[in-house]
Amino acid sequence: MPDAGPIAVLPHRPLTVGELLDSAVLLLREQARVLVPIAFVLAAAEQFLVLQPLRLAAGTVPPIWWLSDGSFAAYWVLLTTGATAEAMIIALLGNPAARAGAAALLGRTARPGEVLRRAGGRWGATVLFALVVGGLMGVAAFCGPVWFVGAALLGAVAPALVVDRVSLPRVLPRATELATRSGMRAGMIRLLGYTGWWILRVGLASGVILGLSQLGLVDSRWALPVALLVWAAVNSIAYPALACLDAVLHLETRIRTEGLDILLARTPAGTPEPVVLAADR
C-alpha cells in the first residue's frame with residue numbers, strides 16, 4: 001500500500017481532519033463484513049432490550065424519541081442509559097477496528113478471523129474497559145455537558161489496549177494523554193465525527209420511519225418494531241464508523257506526536273506486528 005494517495009487507508013504521515021474522516025470510512029468499508037453484523041446485533045439488543053422499556057416509562061414517541069408527556073426524570077435516565085450503552089458498544093467494536101487499523105497501517109488488509117480471534121486479542125480486558133467506559137460516560141451524561149468531556153477523552157481506550165498493548169492500569173491515562181495532545185486535537189476531532197454521525201443517523205432513521213408511515217407501507221401493529229429495527233440498522237453503520245475513527249485517529253496521533261511513521265520505517269522486516277506497534281518498545 002502506498003504511503004500517500006487517496007487509496008491508502010492510513011498513509012504514513014500526519015493527516016488533515018478531512019483525510020482522517022475519509023480514512024475511517026475506508027477502514028469501515030474494508031471491514032464492513034465483520035463490524036456491521038456485530039454492530040447490528042449489539043444495536044438491536046440496545047434498542048429492544050435496554051432502551052425501549054425506558055422509552056415507555058419516559059413517555060417518548062418515535063421516530064426521534066423526544067419527550068412527549070412523560071416524566072423528565074425518566075427521560076433523563078433514558079438519555080443516560082443510552083449514552084452508557086452506546087459507549088460500551090463503540091468500545092467493544094473498537095477492539096476489531098483497532099486491529100484492522102493496525103494492519104492497514106502496516107500495508108495489508110486484516111482477515112475476519114484475525115480481527116476476531118481470541119489469541120492475543122485481549123478480549124477480556126476489552127469487555128472490562130467497555131464496562132468502565134460505559135460507566136464513566138453514563139455518569140458524564142447524567143451531569144449534562146460533562147458528556148462532551150468524556151466523549152473527547154475516552155476514544156483511544158480500545159486502541160491503547162489492543163494496539164499499544166499497555167498494561168491495564170495505564171490504559172485510561174494513555175487514552176486521555178493522546179486525546180489531549182496538540183491542543184486536544186484528537187478529542188475535538190472525535191467530537192466532530194460523533195456530531196456528524198449523530199446528525200446523519202437522526203436524519204436517516206427519522207426520514208425512513210416517517211416515509212414508511214406516510215406511504216402506508218407499515219401496519220400500525222408493526223410500526224414500533226420497524227422503528228426500532230430502523231434505528232438498529234442505522235446504528236449498525238454509525239457505531240463501527242465511530243470505532244474506526246477512534247482507530248485511525250489513535251494511530252495518526254501517534255504518527256503526529258510520537259514519530260510512529262519513522263519507527264515503522266526503521267523496524268526490521270519480519271518483526272511481529274504487536275512488537276512493532278507496542279507503545280512500550
Side-chain angles (χ1 to χ4, degrees), residues 9-10 24 27-28 30-46 49-50 83-106 108-138 150-151 153-179 190 232 235-251 253-254 271-281:
V9 176
L10 272 170
L27 183 60
L28 172 60
E30 186 179 86
Q31 297 294 328
R33 59 178 175 168
V34 174
L35 296 177
V36 172
I38 297 173
F40 181 77
V41 172
L42 295 174
E46 175 195 27
L49 302 180
V50 178
T84 301
E86 181 179 78
M88 290 175 61
I89 292 173
I90 295 173
L92 289 172
L93 294 170
N95 183 306
R99 285 199 265 182
L105 182 66
L106 297 175
R108 63 183 189 82
T109 299
R111 299 180 302 276
E114 178 183 352
V115 298
L116 294 176
R117 70 167 178 245
R118 295 177 58 185
R122 309 189 83 179
W123 276 106
T126 299
V127 172
L128 171 63
F129 276 96
L131 294 172
V132 171
V133 169
L136 291 173
M137 289 303 299
L153 295 180
L154 297 177
V157 167
L161 180 67
V162 177
V163 177
D164 294 357
R165 308 195 72 80
V166 297
S167 61
L168 299 190
R170 287 192 55 207
V171 171
L172 289 179
R174 172 71 171 169
T176 55
E177 176 194 356
L178 289 173
R190 188 176 197 248
N235 286 338
S236 71
I237 303 297
Y239 288 165
L242 292 170
C244 288
L245 177 60
D246 288 338
V248 301
L249 188 54
H250 174 84
L251 292 167
T253 301
R254 288 192 59 188
T271 305
E273 291 183 12
V275 176
V276 173
L277 296 173
D280 292 328
R281 288 185 64 186

Trainee: Do L161 and L168 have side-chain heavy atoms sitting under 4.5 Å apart?
Mentor: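 L161 reaches L168 side chain to side chain.
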
Trainee: Taking side chain as C-beta onward, heavy atoms only, is P159 less than 4.5 Å from L178?
Mentor: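 In short, these two side chains do not touch, never coming nearer than 4.5 Å.
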
Trainee: Atom CG in D246, atom CG in L154: separation rounded to 0.5 Å?
Mentor: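 It comes to 10.0 Å.
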
Trainee: Which heavy-atom pair separates V163 from R254 by the least distance, and what is that distance?
Mentor: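 Closest approach of V163 to R254, heavy atoms only: CG1-NH1, 4.4 Å.
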
Trainee: Are E30 and L27 side-chain neighbours, meaning at least one heavy-atom pair lies under 4.5 Å?
Mentor: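 In contact.
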
Trainee: Taking side chain as C-beta onward, heavy atoms only, is F129 less than 4.5 Å from L172?
Mentor: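 Yes, close enough: below the 4.5 Å cut-off.
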
Trainee: Return the CZ to CG distance between R111 and L116, rounded to the nearest 0.5 Å.
Mentor: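 Output value for this atom pair is 12.0 Å.
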
Trainee: Do the side chain of N95 and the main chain of G121 share a donor and acceptor less than 3.5 angstrom apart?
Mentor: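 Flag set: sc N95 to bb G121 pair under 3.5 Å.
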
Trainee: Which heavy atom of A110 sits nearest a heavy atom of V115, and at what distance?
Mentor: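 Smallest heavy-atom distance, with atoms named: CB-CG1, 3.5 Å.
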
Trainee: For the side chain of R190 and the backbone of A151, is there at least one donor-acceptor N/O pair under 3.5 Å apart?
Mentor: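 Such a contact is found between R190 side chain and A151 backbone.
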
Trainee: As a quick check of understanding, evaluate side chain to side chain contact (heavy atoms under 4.5 Å, CB included) for M88 and L131, giving each step before the final call.
Mentor: CA-CA 6 Å; M88 290 175 61; L131 294 172; 3.4 Å; yes

Trainee: Carefully, step by step, assess R122 and R165 under the rule side chain to side chain contact (heavy atoms under 4.5 Å, CB included).
Mentor: CA-CA 9 Å; R122 309 189 83 179; R165 308 195 72 80; 3.6 Å; yes

Trainee: Considering non-hydrogen atoms only, spot the tightest contact between A43 and A232 and give its length.
Mentor: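 Shortest heavy-atom separation between A43 and A232 comes out as CB-O, 3.7 Å.
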
Trainee: Distance-only, no hydrogens or angles: does the R174 side chain make a donor-acceptor pair with backbone N or O of V166 under 3.5 Å?
Mentor: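 Side chain of R174 to backbone of V166, a donor-acceptor pair under 3.5 Å: no, none is there.
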
Trainee: Could you tell me which non-hydrogen atom of A32 sits nearest to which non-hydrogen atom of P37, and how far apart they are?
Mentor: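 Closest pair (atom of A32, atom of P37, distance): O-CD, 3.4 Å.
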
Trainee: Do you know which two heavy atoms are closest between A97 and A247, and how far apart they sit?
Mentor: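 The answer is O-CB, 3.6 Å.
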
Trainee: Between R99 and R117 (side chain of the first, backbone of the second, donor and acceptor by atom type, cut-off under 3.5 Å), is there such a pair?
Mentor: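 Between the backbone of R117 and the side chain of R99 there is a qualifying donor-acceptor contact (under 3.5 Å).
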
Trainee: Apply side chain to side chain contact (heavy atoms under 4.5 Å, CB included) to L93 and Q31, showing your working.
Mentor: CA-CA 11 Å; L93 294 170; Q31 297 294 328; over 6 Å; no

Trainee: Rounded to the nearest 0.5 Å, how far apart are CG of L242 and CG of L249?
Mentor: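 Between L242 CG and L249 CG, I get 11.5 Å after rounding to 0.5 Å.
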
Trainee: Side chain to side chain contact (heavy atoms under 4.5 Å, CB included) with P240: which of L245, L28, L42?
Mentor: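 Option passing the side chain to side chain contact (heavy atoms under 4.5 Å, CB included) with P240: L28.
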
Trainee: Work out which heavy atom in W123 is nearest to a heavy atom in R118; give both atom names and the distance.
Mentor: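 Between these two residues, the closest heavy atoms are CD1-CA, 3.9 Å.
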
